[in-house]
J.: 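Following this message is one structure expressed as structure tokens.
For this chain, numbers begin at 1 and follow the sequence in order. Quick caveat, the model's predicted, so the values are computed rather than measured.
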Amino acid sequence: MLGIVPSTLRYWEQEFPECSPRRSASNQRYYTPENIECIRIIHYLLKVKGLRMEAAKEQLRTNRENISRNMEIIGILTRTRAELQEMLSALKKRR
């Protein structure tokens, strides 16, 4: 769903216990929408912004709401840019 390899996901679950999924009696993981959002935030902080683990933990602890808002805005801007590039490409083809 998020393109994160299982070993990385398991490591993040250890480092960020607040994002750990619920487990069944057979030890199967069940991710809630909140877990998935938390993992998306961690991915953004570590892979997109390039923060170190401790800095990401601090950001998640103190600034989670703003991070979510920023991620949403970046997503909207990225989609808008892609749409504009498609329009520009279509206009160039018409010439």
J.: In terms of side-chain geometry, is the basic nitrogen of Arg29 or Glu13 positioned less than 4.0 Å from the acidic oxygen of its partner?
T.: yes
J.: Quick check for you: to the nearest 0.5 Å, what is the distance between Asn66 atom CG and Met71 atom CE?
T.: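 That separation rounds to 13.0 Å.
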J.: Can you confirm whether Ile39 sits close enough to Phe16 that some side-chain heavy atom of one is under 4.5 Å from a side-chain heavy atom of the other?
T.: no
J.: Is it true that Glu37 and Arg40 have a side-chain N and a carboxylate O under 4.0 angstrom from each other?
T.: yes
J.: Given a cutoff of under 4.5 Å between side-chain heavy atoms of I, L, V, M, F, W and Y, with clusters grown through shared members, what are the other residues clustered with Ile73?
T.: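 Grouped by the 4.5 Å side-chain rule, Leu77 form the rest of the cluster around Ile73.
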J.: Does Met87 sit in a hydrophobic cluster with other residues, and if so which ones, taking ILVMFWY side chains as linked at heavy-atom separations under 4.5 Å, directly or through other members?
T.: Leu84
J.: Taking the side chain as every heavy atom from C-beta outward, state whether Tyr44 and Ile74 have any atom pair closer than 4.5 Å.
T.: yes
J.: Are any of the side-chain heavy atoms of Pro21 and Tyr31 separated by less than 4.5 Å?
T.: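 SC-SC contact between Pro21 and Tyr31 confirmed.
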J.: Compare all side-chain heavy atoms of Ile42 with those of Cys19 and state whether any distance is below 4.5 angstrom.
T.: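 The answer is yes, as the side chains (C-beta and beyond) meet within the 4.5 Å cut-off.
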J.: Drop me the distance from Arg22's CZ to Thr32's OG1, to the nearest 0.5 angstrom.
T.: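 Interatomic distance, Arg22 CZ to Thr32 OG1, rounded to 0.5 Å: 8.5 Å.
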J.: Name the atoms and distances for all side-chain donor-acceptor pairs under 3.5 Å in residues 45-56, with sequence neighbours left out.
T.:
none

J.: Would you indicate whether Gln85, at its atom CD, is surrounded by more than 12 heavy atoms from other residues, nucleotides or ligands within a distance under 6.0 Å?
T.: yes
J.: Looking at Thr8 and Ile4, would you say the former's side chain and the latter's main chain have a donor-acceptor pair under 3.5 Å?
T.: no
J.: Going from CG on Leu91 to CZ on Arg94, what distance comes out if it is rounded to the nearest 0.5 angstrom?
T.: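 Nearest 0.5 Å value for the CG-CZ distance: 7.0 Å.
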J.: Just by modelled atom types, is the Ile67 backbone N or O under 3.5 Å from a matching donor or acceptor in the Asn70 side chain?
T.: no
J.: Could you tell me the separation between the CD atom of Glu15 and the CG atom of Leu60, rounded to the nearest 0.5 Å?
T.: 12.5 Å
J.: Does some side-chain heavy atom of His43 sit less than 4.5 Å from a side-chain heavy atom of Trp12?
T.: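 Trp12 reaches His43 side chain to side chain.
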